[in-house]
Amino acid sequence: MNAIRKILITGGCGFIGSNLIAGLMSRSDAPDIRVLDNESLGKKAHIAEFDVDFIRGDVRDLNVVTGALRGVDAVIHLAADTRVVESIANPVHNFEVNVVGTFNLLSAMRETNVTRIINASTGGAIIGDAIPPVNEGMVPAPLSPYGASKLAAEGYCSTFSHAYGFQATSVRFSNVYGPRSYHKGSVVSAFLKNILRTESLVVYGDGEQTRDYVFVEDLCTGITKALESGKSGVFQLGTGLPTSINALIDNMLQITGSNYPVHVNYEPYRDGEIKQTWCDITKARRELGYNPQTTVLAGLQKTWEWFLSLNGEQTSRENNA
Ligand SMILES: NC(=O)c1ccc[n+]([C@@H]2O[C@H](COP(=O)([O-])OP(=O)(O)OC[C@H]3O[C@@H](n4cnc5c(N)ncnc54)[C@H](O)[C@@H]3O)[C@@H](O)[C@H]2O)c1
C-alpha cells in the first residue's frame with residue numbers, strides 16, 4: 001500500500017465500511033485501521049470480527065476528529081447521513097453531518113498534516129435528472145439536500161487539494177449492494193428482506209426503470225485503487241451497465257428458490273422518480289485500473305447467502321438507513 005500504514009475510516013461500521021475493512025484486512029500488506037463511527041446506523045458489533053482500533057465519535061466534533069487522526073497516513077471518509085428522503089424532511093441535520101462533518105475532517109487533517117483523503121460521494125444524486133450514462137463532466141444539478149451536501153463536500157475536497165496540497169479523491173458511487181447491508185433501505189436489501197419474510201415486493205411503475213447496481217466487493221476494490229493511485233479529482237464507480245428492476249427481480253428469483261415464493265405488486269410511479277440512470281466508468285477504468293467483474297446474478301447470490309447466514313441476528317441490524 002505504498003507507504004500507507006495506518007488508515008482512518010470514518011463510518012467504518014456501516015455497509016460499505018465493514019466490507020472495505022474485510023477487503024483491506026485480507027491483503028498481505030494490510031494496513032492498520034482505525035474506525036471513527038458514532039454508531040447511529042452501523043454498529044461496532046458489526047465489525048467485531050476485525051482487529052481494528054475503534055473510536056465511538058461524531059465527525060461533527062472537531063476534537064474527536066483531531067484525536068482520531070493521530071498517527072494516520074490516509075483517510076477514507078464514509079461517514080454520512082445517507083438517507084435521501086429524510087434529507088428532504090430534515091436538511092439541517094443532513095447539512096451538519098455531511099457538509100460540516102466533512103469540513104471538520106478536512107480542517108483537522110490540515111492541522112495534523114494528514115493530506116490524503118478518499119471521499120465517498122454519489123453520482124446520481126449530484127447530477128440529478130440527466131440523460132445517462134452519468135459522467136464526471138456533467139454539470140451537477142442535485143435534486144435533494146443529500147445530493148447538494150455531497151456536492152459541497154466534493155467542492156471542499158477540491159479546494160483542499162488545490163489550496164493546501166492535499167491528495168483528495170472523491171469517488172462517486174452508483175447503487176451499491178452486497179453482504180452486510182441488512183440495515184439499508186436500498187432496493188436490493190429491501191427486496192431480500194421482503195423475500196425472507198415472504199412479503200410481496202412493491203415496484204413503483206412498470207419495473208423497466210434502470211439503475212447501475214455495483215457489487216460492494218468491486219466497489220471496495222475501486223476505493224482501494226483510488227487510494228493507491230494518489231490521484232486527486234472525481235471518479236465515477238459503478239458497473240457502467242443499466243439493470244432494470246424487473247431484471248433484478250428475475251435474478252433474485254433464480255437464487256432464492258422455491259422455499260421463498262415471490263409476489264410482486266406493481267404500483268404507480270412515484271413523483272420525481274428518475275426513470276433511467278447508470279454511469280460511465282471510463283475514467284476510473286483508464287486512470288485507476290478499476291475493472292468491476294461481478295455479474296448481478298453472482299453478486300446477488302453472495303448477498304442472499306449472507307442474508308440467510310444471519311439466522312435471526314437481524315433485529316440488531318434493523319434500521320432502514
Ligand atoms: N450505499 C450506497 O449505495 C451509496 C451510494 C452512493 C454513495 N454512498 C456513500 O457511501 C458512504 C457509506 O455509505 P453506506 O451505504 O455504507 O452507509 P451506512 O449508513 O451503512 O454507513 C454510514 C456510517 O456512518 C456512520 N455515521 C453516520 N453519521 C455519523 C457521524 N455524524 N459521525 C460518525 N459516524 C457517522 C453510521 O453509523 C454508519 O456506520 C456514505 O458517505 C454514502 O453517502 C453510498
Side-chain angles (χ1 to χ4, degrees), residues 8-22 34-47 54-62 64-65 68 75-84 86-87 90 93-105 108 117-127 134 142 144-154 157 170-190 211-216 218-220 222-223 234-239 277 279 299 303 317-321:
L8 173 67
I9 303 180
T10 71
C13 297
F15 162 45
I16 295 170
S18 53
N19 281 283
L20 182 66
I21 292 170
R34 179 177 294 147
V35 167
L36 173 66
D37 198 300
N38 68 356
E39 296 191 273
S40 56
L41 288 170
K43 301 291 172 227
K44 185 185 175 196
H46 300 163
I47 54 167
F54 175 74
I55 298 174
R56 186 176 198 276
D58 200 297
V59 289
R60 290 168 290 182
D61 183 334
L62 188 57
V64 168
V65 174
V75 177
I76 299 176
H77 179 40
L78 303 173
D81 176 19
T82 61
R83 297 165 300 178
V84 178
E86 285 80 351
S87 82
N90 191 350
H93 175 75
N94 186 270
F95 176 81
E96 284 171 353
V97 174
N98 294 3
V99 184
V100 177
T102 304
F103 185 79
N104 258 344
L105 176 62
I117 181 168
I118 304 294
N119 169 51
S121 193
T122 168
I126 281 187
I127 300 299
V134 168
S144 64
Y146 170 73
S149 73
K150 288 290 179 179
L151 183 60
E154 282 193 4
C157 285
S170 288
V171 274
R172 294 181 174 174
F173 309 157
S174 61
N175 293 61
V176 193
Y177 71 96
R180 305 176 184 275
S181 61
Y182 195 90
H183 63 286
K184 299 293 289 185
S186 48
V187 66
V188 170
S189 173
R211 298 289 181 269
D212 185 330
Y213 297 100
V214 62
F215 186 55
V216 69
D218 285 337
L219 178 92
C220 289
I223 295 172
V234 175
F235 294 91
Q236 185 74 55
L237 299 181
T239 64
T277 183
C279 66
T303 310
R317 294 175 180 265
E318 289 287 2
N319 253 325
N320 271 350

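Residue numbers count from 1 along this sequence. All values below come from the heavy atoms of this structure, side chains included, with hydrogens, waters and symmetry mates left out. Just follow the structure's listing: the first ligand is 1, and inside any ligand the first atom is 1.
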Participant: Please state which option from Asn19, Asn38, Ile16, Thr10 has its nearest heavy atom closest to atom 13 (O) of ligand 1.
Facilitator: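 Looking at heavy atoms only, Ile16 sits closest to atom 13 (O) of ligand 1.
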Participant: N/O of Val97 under 3.5 Å from N/O of ligand 1, yes or no?
Facilitator: no
Participant: Can you find a non-hydrogen atom of Arg172 under 4.0 Å from ligand 1?
Facilitator: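 Heavy atoms of Arg172 never come under 4.0 Å of ligand 1.
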Participant: Is there a donor-acceptor contact under 3.5 Å from the side chain of Lys44 to the main chain of Ile55?
Facilitator: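 Not confirmed, Lys44 side chain does not pair with Ile55 backbone.
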Participant: Do any N/O atoms on Leu36 end up under 3.5 angstrom from N/O atoms on ligand 1?
Facilitator: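 There is no such contact.
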Participant: So, regarding Tyr146 and ligand 1 (criterion: nitrogen or oxygen to nitrogen or oxygen, under 3.5 Å), is there a contact or not?
Facilitator: yes
Participant: Is ligand 1 less than 4.0 angstrom away from at least one heavy atom of Ser121?
Facilitator: yes
Participant: Run the contact test for Asp81 against ligand 1 with a 4.0 Å cut-off on heavy atoms, strictly below, and give the result.
Facilitator: no
Participant: Do Phe215 and Cys220 have side chains that get closer than 4.5 Å, going by heavy atoms?
Facilitator: no
Participant: Taking Ser181 for its side chain and Ser189 for its backbone only, find out whether a donor-acceptor pair lies under 3.5 Å.
Facilitator: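 Not a single qualifying donor-acceptor pair exists.
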Participant: Could you tell me whether ligand 1 has any atom less than 4.0 Å away from a heavy atom of Lys184?
Facilitator: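 True for this residue.
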Participant: Taking non-hydrogen atoms only, is Val59 closer than 4.0 angstrom to ligand 1 via side chain, backbone, both or neither?
Facilitator: both
Participant: Just checking, is any N or O donor in the side chain of Asn94 or Asp81 under 3.5 Å from an acceptor N or O on the other one?
Facilitator: yes
Participant: Quick one: are Thr277 and Arg211 in side-chain contact, heavy atoms under 4.5 Å?
Facilitator: yes
Participant: Is Ser181 close enough to touch ligand 1? Criterion: a residue heavy atom under 4.0 Å from a ligand atom.
Facilitator: no
Participant: Can you confirm, on distance only, whether ligand 1 has an N/O atom lying under 3.5 Å from any N/O atom belonging to Gly14?
Facilitator: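 Among all N and O atoms of Gly14, at least one is under 3.5 Å from an N or O of ligand 1.
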Participant: Taking only residues two or more places apart in sequence, or in another chain, which ones meet Asn119 in a side-chain hydrogen bond (donor to acceptor under 3.5 Å, both in side chains)?
Facilitator: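 Testing Asn119 for side-chain hydrogen bond (donor to acceptor under 3.5 Å, both in side chains), a comparison that skips the adjacent residues, returns Ser170.
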Participant: Between ligand 1 and Gly101, can you find any atom pair, the residue atom being a heavy atom, that is separated by under 4.0 Å?
Facilitator: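 Contact absent.
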Participant: Heavy-atom contact check, 4.0 Å cutoff: does Tyr177 meet ligand 1?
Facilitator: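 No, Tyr177 has no heavy atoms under 4.0 Å from ligand 1.
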Participant: Would you call Leu237 and Val171 a side-chain contact if the rule is heavy atoms closer than 4.5 Å?
Facilitator: yes
Participant: Could you tell me whether ligand 1 has any atom less than 4.0 Å away from a heavy atom of Gly124?
Facilitator: no
Participant: Return yes or no for this condition: an N or O of His183 is under 3.5 Å from an N or O of ligand 1.
Facilitator: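 Yes: some nitrogen or oxygen of His183 is under 3.5 Å from one in ligand 1.
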Participant: Counting heavy atoms only, name the option from Lys150, Arg83, Arg211 that's nearest to atom 41 (O) of ligand 1.
Facilitator: Lys150
